[in-house]
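Positions are given from 1, in the same order as the sequence printed here. Quantities reported herein were computed from a predicted structural model and do not represent experimental measurements.
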Amino acid sequence: MKNISYEEQSIITRGIIKAAVIMSEYGAESILIEQTAQRLGKALGANSVELSLIPSAIVLTTLYNEQSVTTTRRVHHKPINMSIVCEIQKIVLKMEKNDYDINYLYTILKNIEPNYYNRWLVVFMVGLACVSFAYLQGGDLFSLGITFVASSIAMITRQELSKRRFVMIITFGITAFVATLIAGASKLYGFSSTPNIALAASVLLLAPGFAFVNSFLDSFKGYMMMGWGRWMEGTILTLATSVGIIFAISLLRI
């Protein structure tokens, strides 16, 4: 293995933390981020990689012989996308099996793009999922139809707000308001005999389950700061959803 200069180690450190930041932004579990960074460090010639994770930033240090390089990067939270996390895992596997250098990592990370499903397919599947919940809870036919319309329009609203880079708290609040406003019509005008089921099912697309699951996993595995941060994120998003629902119910006076 060739010797690594301080400048080369700095470039390697910046490449590793870039990969770690991308994984954190798109919702990877903390232990996976740490293990990926350590594996990348080994593949690129570092003796070890140490990092500290907090919800808003990552601090990473690479060690090589008597040299150490430390850098910090801010984490900007983005919508959950596991395709990005899987892609970085594939990069790590390739670098471990082949003698790729840091330039390969930079090139791949620069060109990496989220693998989004067709937006209309997502809208349809979200509507179908909410309808399925309403059906399991005993909703009548009109309730199922209203649930599908309300949740589908709410998902379109969420997509449009995300495209315009609204803060997630505002996005969740407005989406919940739209879904409840549409579903509330069934109760206001008596279209359905089970309007409360439509009201509840139409906002299920806003349940921040991923944030809560990751918060518990991080806490159980010793990443308490990340666990609390993600738990608070899920709680705030739930609160924003509740505020949107309350505003819609108050407006409809139901």
Side-chain angles (χ1 to χ4, degrees), residues 25-27 76-83 114-216 229-254:
E25 287 179 339
Y26 285 101
H76 301 280
H77 293 285
K78 298 176 182 178
I80 302 296
N81 196 308
M82 287 295 103
S83 67
N115 181 23
Y116 293 115
Y117 290 105
N118 180 280
R119 64 172 298 184
W120 300 111
L121 176 62
V122 173
V123 169
F124 175 76
M125 294 307 296
V126 165
L128 188 62
C130 293
V131 167
S132 299
F133 179 82
Y135 176 77
L136 291 173
Q137 296 302 312
D140 62 17
L141 189 60
F142 286 106
S143 176
L144 300 184
I146 291 167
T147 299
F148 183 82
V149 172
S151 57
S152 297
I153 294 176
M155 190 63 207
I156 294 172
T157 303
R158 180 177 175 178
Q159 290 174 337
E160 290 299 319
L161 292 174
S162 296
K163 187 190 298 183
R164 288 164 175 74
R165 300 185 183 279
F166 276 74
V167 179
M168 286 187 70
I169 298 173
I170 297 175
T171 299
F172 272 56
I174 295 175
T175 304
F177 177 82
V178 170
T180 306
L181 201 63
I182 297 170
S186 64
K187 186 164 186 170
L188 188 64
Y189 296 106
F191 293 150
S192 168
S193 60
T194 56
N196 290 336
I197 293 177
L199 280 168
S202 61
V203 294
L204 278 180
L205 66 138
L206 297 172
F210 211 96
F212 283 124
V213 169
N214 267 350
S215 72
F216 283 110
R230 285 173 165 171
W231 181 84
M232 281 301 300
E233 178 188 1
T235 302
I236 290 171
L237 292 178
T238 303
L239 179 62
T241 302
S242 302
V243 170
I245 293 171
I246 291 169
F247 278 162
I249 290 175
S250 300
L251 184 65
L252 293 171
R253 296 183 179 181
I254 55 175

How close do [X] and [Y] get, heavy atom to heavy atom, and via which atoms?
| X | Y | answer |
| --- | --- | --- |
| V203 | A179 | CG1-CB, 3.9 Å |
| S193 | P195 | C-CD, 3.3 Å |
| Y26 | M82 | O-CE, 3.4 Å |
| L204 | C130 | CB-SG, 4.1 Å |
| T147 | A134 | OG1-CB, 3.9 Å |

For the side chain of E25 and the backbone of H76, is there at least one donor-acceptor N/O pair under 3.5 Å apart?
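Checking the backbone N and O of H76 against the side chain of E25, a donor-acceptor pair under 3.5 Å is found.
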For [X], check side chain to side chain contact (heavy atoms under 4.5 Å, CB included) against everything at least two apart and list the hits.
| X | result |
| --- | --- |
| A200 | none |
| V123 | W120, S152, M155, I156, Q159 |
| A150 | I182, A183, S202 |
| A248 | F177, T180, L181 |

Atom CZ in F247, atom CD1 in I249: separation rounded to 0.5 Å?
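Answer rounded to 0.5 Å: 12.0 Å.
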From CD1 (I146) to CD1 (I197), nearest 0.5 Å:
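Nearest 0.5 Å value for the CD1-CD1 distance: 12.0 Å.
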Passes side-chain contact (heavy atoms from CB on, under 4.5 Å), F148 versus F124? Steps please.
CA-CA 8 Å; F148 183 82; F124 175 76; 3.8 Å; yes
Lys/Arg N to Asp/Glu carboxylate O, E233 vs R230, below 4.0 Å
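No.
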Without placing hydrogens or testing angles, list every side-chain donor-acceptor pair under 3.5 Å for residues 205-212, not counting sequence neighbours.
none

Please determine whether side-chain contact (heavy atoms from CB on, under 4.5 Å) holds for the pair L161 and I170, giving the CA-CA distance in whole Å, both sets of side-chain angles, and the decisive distance to 0.1 Å.
CA-CA 9 Å; L161 292 174; I170 297 175; 5.8 Å; no
Only distances under 3.5 Å count here; give the side-chain donor-acceptor pairs of residues 237-244 to other protein atoms, sequence neighbours excluded, each with its distance to 0.1 Å.
{"unit_1": "T238", "atom_1": "OG1", "unit_2": "G234", "atom_2": "O", "d": "2.8"}
{"unit_1": "T241", "atom_1": "OG1", "unit_2": "L237", "atom_2": "O", "d": "2.9"}
{"unit_1": "S242", "atom_1": "OG", "unit_2": "T238", "atom_2": "O", "d": "2.9"}

